[in-house]
Amino acid sequence: MGAKRMIVIGLDCAPPRLVFDRYRHAMPNLSALMDTGTWGSLRSSEPPITVPAWTCMLSGRDAGELGLYGFRNRVPHETALRLVDGGDVHVKRVWDWLGEQGFRVAPLFVPLTSPPTPVRGQMVSGFMWPGGDSPWCFPRELESELVDRVGPYRADVESFRAEDLDRIYRDIVTMTKQHFEIAEQVWEAKQPDFMMMVEIGLDRFHHAFWRHIDPEHPRHEEHNPWKHLGPEYYGLLDERIGRLCAAAGEDTAIMVVSDHGARAMRGGFCINEWLIGKGYLSLREPPSTPGPLDHSLIDWQRTTAWAEGGYYARVFLNVAGREPTGAVAPSNVRAVRDELRRELEYARDERGERVPVLVRAPEEYYRQTRGFPPDLMVYFDGLSLRAIGSVGGGRVVVEANDGGPDGCNHDWDGVFVMRGGGAPARGFVEGAEIYDVTPTILGAFGLARPPGILGRDWTL
Ligand SMILES: [Zn+2]
């Protein structure tokens with residue numbers, strides 16, 4: 001029993017509807033894994049965002065325990081946010097436990113592995129690598145070895161929320177091919193017992209092309225020159241998955257997972273405009289042009305709450321003693337928050353139409369809330385609306401993203417496919433969660449689950 005070796009292929013932002021259904025015909029290799037293994041939807045973390053989702057998956061910890069609430073997190077004693085990096089991960093990830101048990105590991109391109117850290121094997125940083133002379137491999141000698149083989153490292157695609165779609169597609173394809181080539185090289189040359197790669201190209205592809213490939217997108221045009229790219233790019237991923245599976249051999253367990261799914265984005269909810277309209281947020285003067293909320297324009301003494309936009313809204317109260325110019329007395333926080341929560345749950349757009357809103361208080365959901373959690377986490381219309389932090393547009397619900405052209409928002413369900421590793425082939429299953437991945441990987445290597453981690457071992 002148990003796997004001799006294992007490869008995990010992470011597809012960032014892979015939705016079940018496309019992988020298992022619409023493009024399944026373009027993915028014969030993945031389809032074969034499904035036919036002979038176990039597959040289904042994989043429920044993402046809260047929030048369903050790349051950071052923290054991959055770290056939740058690979059540590060068995062929720063985002064509150066990790067203290068990671070998005071790509072950027074609040075800085076104590078300020079209202080600003082700062083981009084996170086690998087140094088913000090304070091827990092072990094699955095390759096650490098495997099390494100401790102003597103297995104050779106190779107995490108490649110996993111979000112929050114920049115800067116790279118020592119592992120019992122090799123590590124290649126993911127898409128948040130800052131570029132330039134910053135290290136991107138452990139050990140560093142691996143960098144020149146890989147560059148000799150595949151050219152300069154491409155961690156990500158530049159400006160993927162832009163109009164030059166043909167350039168974006170070329171860049172995505174070049175990067176994806178390079179990543180799989182690195183994986184093949186590491187698998188062959190370093191012989192890891194456990195290798196995991198994450199391909200960010202699919203996420204970039206969806207943000208750039210979703211409107212053109214999804215007939216259900218509200219602004220889809222049937223005759224557009226990019227429609228065929230859906231099956232083409234999914235086909236490329238599948239061809240590369242097939243090559244890795246062939247190199248892996250029969251004794252190697254294969255797992256394909258995603259951190260979250262994707263869905264059509266119909267527009268955005270301008271959370272700060274809404275807070276202004278409701279009297280929670282005051283500006284000293286209206287912004288001259290619509291744009292990001294400038295904190296120096298906020299009249300903090302008359303502000304109760306403000307928000308950060310993104311896939312979801314993080315609403316912060318302006319608390320005395322916590323925020324630099326706090327206006328809400330700590331004894332009043334609970335009452336103010338409950339009132340704001342009720343108002344959000346009955347939010348309407350400027351035409352008076354109700355907007356479906358899901359509001360969560362972090363401590364009601366997470367096992368712990370480390371770092372600087374938002375006071376409220378808010379999801380709009382089942383994630384078909386993005387949270388928009390910009391102000392000055394005068395509307396609550398808008399069609400466009402403030403970060404540039406974008407056709408998709410993240411969705412709760414990603415994908416899970418597994419074959420081998422002593423796991424029974426169950427066919428289609430329901431109820432798999434992102435937290436199941438770590439106990440399942442450890443189970444495949446015959447290792448006990450570390451105490452305190454979440455999730456189910458699907459090899460049992
Ligand atoms: Zn992602």
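Remember, predicted model here, so these are calculated numbers, not experimental data. Every number for a ligand or one of its atoms is a count from 1 in the order of the listing. The first residue of the sequence shown is numbered 1, and numbering continues consecutively from there.
Ser258 lies apart from the Zn ion (ligand 1) in this respect, since none of its N, O or S atoms is found at a distance under 2.8 Å. The nearest N, O or S atom of Asp203 is not closer to the Zn ion (ligand 1) than 2.8 Å. Contact annotation: Cys13 places no N, O or S atom under 2.8 Å from the Zn ion (ligand 1).
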* Evaluation steps, side chain to side chain donor-acceptor pair (under 3.5 Å), between Tyr379 and Glu46 -> CA-CA 10 Å; Tyr379 302 93; Glu46 279 225 25; 3.1 Å; yes
* To do: Assess whether side chain to side chain donor-acceptor pair (under 3.5 Å) is satisfied between Asp166 and Trp226, documenting all intermediate values.
  => CA-CA 9 Å; Asp166 295 328; Trp226 303 286; 3.0 Å; yes
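Listed by first and then second residue, the side-chain hydrogen bond (donor to acceptor under 3.5 Å, both in side chains) pairs involving residues 183-200 are Arg104-Asp193, Glu145-Lys190, Arg149-Gln185, Thr176-Glu199, His179-Glu199, Glu184-Arg243 (not counting sequence neighbours). Applying the ring-ring contact (aromatic ring centres under 6.0 Å, His included) test to every pair with at least one member in residues 424-443, sequence neighbours left out, gives these pairs: Trp39-Phe428.
If you put the vertex on the Zn ion (ligand 1), NE2 of His260 and OD2 of Asp259 sit 90° apart, to the nearest 10°.
Cation-pi geometry between Arg386 and Tyr311 is met: under 6.0 angstrom from the ring centre, within 45 degrees of the axis.
The N, O or S atom of Asp12 lying closest to the Zn ion (ligand 1) is OD1.
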